[in-house]
Amino acid sequence: MMTTHLGPDVARAAALLRAGELVAIPTETVYGLAGHGLREDSLHRIFEVKGRPLSNPLILHFASADALAGYLLPERVPAAAHTLLAAFSPGPLTLLLPREPAVVPDLVTAGLPDVAVRIPAHPLVRQLLGQLDFPLAAPSANPFGYISPTRPEHVLKQLGGRIPYILDGGASQAGIESTVVGFGPAGEPVVYRPGALSLERLQAVVPATRLRTEAEKVKPAASPGLLPYHYSPHTPLQLFGPGLRPAPAFDPARTGALTLREPLPGLPANQQVVLSPGRGDLAEAAHGLYAALHQLDALGLELLLAERLPNTGLGVALNERLEKAAARK
């Protein structure tokens, strides 16, 4: 087992990545487990360290929109993709675009024709990408299926001893993963994975943007984050709230709760996290969601209760995360 070091040394992280090693990197969404996006040994190591199935595609991270040249088939990139890139990059936007198959390895896309690309906004990872002449493949820096990490200590607890370096950029600002957008038959943007960029914000720039239809959901997973369970604590989690069953009878000594505005009556305060006390601010809730799940999961309880949030704006992505966390058996 190797020693995992933690710090803000961008040059050290860049040297390790050039050598084919893996490095945990900060982004504005969550911490990523980064490797050389064009080296098959590095890509295989990402899947191995995470325990991630090879059928689940990866996201390639680039320094800028200009850096995408050579990795895509430009004649097949929809006009709306350029519009969204101009409006939201760098930022929490991932686009599914036709890849150049001679350049982008099949391992990145699980053999599918589109590659997921993103231009992150975190200043440290932007410095890092600026020192590299290749993109970084970087899924979340956690064991596959577990809660995503939003702080360096989350990564150290989960992957310490398996990677050499964690680039410490503090707590992630957005707190949930990027929004993944593909394109429909008419070139219209289609949200495959709700995320830190809401549907409403996308529609303000490209009004034709829509969510995937039920028919589209049965196709092969062309995007990261589409499996039926994910983001899950080890402690069983159950949702309650409007349209769901009420919070069940529970043993106060063995139950934790995650709520939006107010604590759940009957539970000790140290077994609860209120994401946005009194205000119900969904951006504040997103920022603290995964940190709260990490905190509650560490208590060794028998059950976690999580309140379903208002299903508008960022609430759509937050509820999707909670539903997938609750679906894990």
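Note that the structure is predicted; figures quoted are calculated from it, not measured.
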Would you find a donor on one side and an acceptor on the other, under 3.5 Å apart, between the side chain of [X] and the backbone of [Y]?
X	Y	result
Asp297	Leu293	no
Thr4	Gly160	no
His287	Ser172	yes
Arg126	Pro120	yes
Gln271	Thr255	yes

Could you go through the side-chain hydrogen bond (donor to acceptor under 3.5 Å, both in side chains) check for Glu177 and Ser148 one step at a time? CA-CA 9 Å; Glu177 291 81 1; Ser148 297; 2.5 Å; yes
Should the pair [X]-[Y] be classified as a salt bridge under the 4.0 Å nitrogen-to-oxygen rule?
X	Y	result
Glu21	Arg162	no
Asp168	Arg151	no
Glu320	Arg193	no
Arg261	Glu307	no

About how many Å separate [atom2] of [Y] and [atom1] of [X], when rounded to the nearest 0.5 Å?
X	Y	atom1	atom2	result
Leu258	Leu264	CG	CG	10.5 Å
Lys50	Leu33	NZ	CG	7.0 Å
Ile163	Arg45	CD1	CZ	9.5 Å
Leu301	Asp251	CG	CG	9.5 Å
Leu322	Leu304	CG	CG	11.0 Å
Gln272	Gln295	CD	CD	11.0 Å

Is there a side-chain contact (heavy atoms from CB on, under 4.5 Å) between Leu237 and Leu239? Walk through the geometry before answering. CA-CA 7 Å; Leu237 183 144; Leu239 271 64; 3.3 Å; yes
Report yes if some heavy atom in the side chain of [X] is under 4.5 Å from a heavy atom in the side chain of [Y]; otherwise report no.
X	Y	value
Gln173	His122	no
Pro189	Arg210	no
Val115	Tyr71	no
Tyr231	Ile176	no
Leu68	Leu85	yes
Leu93	Leu84	yes
Leu159	Tyr31	no
Leu309	Asn311	no

For [X] against [Y], the heavy-atom pair lying closest together:
X	Y	answer
Pro105	Glu40	CB-OE2, 4.3 Å
Gly37	Leu43	O-CD1, 3.9 Å
Pro78	Leu97	CD-CD2, 4.1 Å
Gly20	Ser42	O-OG, 3.0 Å
Leu16	Val23	CB-CG2, 3.8 Å
Leu167	Pro26	O-CD, 3.2 Å

Count I, L, V, M, F, W, Y as connected when their side-chain heavy atoms are under 4.5 Å apart, and connections chain through other members. Are [X] and [Y] then in the same cluster?
X	Y	value
Val108	Leu73	no
Leu267	Val274	no
Val316	Leu197	no
Leu22	Met2	no

Please test Asn142 against Ser140 for side-chain hydrogen bond (donor to acceptor under 3.5 Å, both in side chains), starting from the C-alpha separation and ending with a verdict. CA-CA 6 Å; Asn142 58 305; Ser140 55; 2.5 Å; yes
Determine whether the aromatic ring centres of Phe134 and His36 lie less than 6.0 Å apart. yes
Determine the interplanar angle of the His294 and Tyr146 rings, folded into 0 to 90°, and report it as parallel if under 30°, tilted if 30 to 60°, perpendicular if over 60°.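 Perpendicular.
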Stepwise, does the side-chain contact (heavy atoms from CB on, under 4.5 Å) test hold for Thr109 with Arg99? CA-CA 9 Å; Thr109 69; Arg99 65 169 168 139; 3.4 Å; yes
CD (Glu284) with more than 12 external heavy atoms under 6.0 Å: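 Counting neighbours around CD of Glu284, more than 12 heavy atoms of other residues, nucleotides or ligands fall under 6.0 Å, so yes.
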Less than 6.0 angstrom from the centroid, inside 45 degrees of the normal: does Arg52 satisfy that with respect to the ring of Phe144? no
Step-by-step side-chain contact (heavy atoms from CB on, under 4.5 Å) determination, Leu17 to Leu128: CA-CA 10 Å; Leu17 289 160; Leu128 175 64; 3.8 Å; yes
Can you check side-chain contact (heavy atoms from CB on, under 4.5 Å) on Val117 and Phe62, steps first, answer last? CA-CA 7 Å; Val117 299; Phe62 293 83; 3.7 Å; yes
Run the side-chain hydrogen bond (donor to acceptor under 3.5 Å, both in side chains) test on Thr94 and Ser178 for me, step by step, so that the C-alpha distance in whole Å, both residues' side-chain angles and the decisive distance to 0.1 Å come before the verdict. CA-CA 6 Å; Thr94 294; Ser178 62; 2.8 Å; yes
Do you see a donor-acceptor pair shorter than 3.5 Å between the side chains of Thr29 and Arg118?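 Yes - a donor-acceptor pair under 3.5 Å links their side chains.
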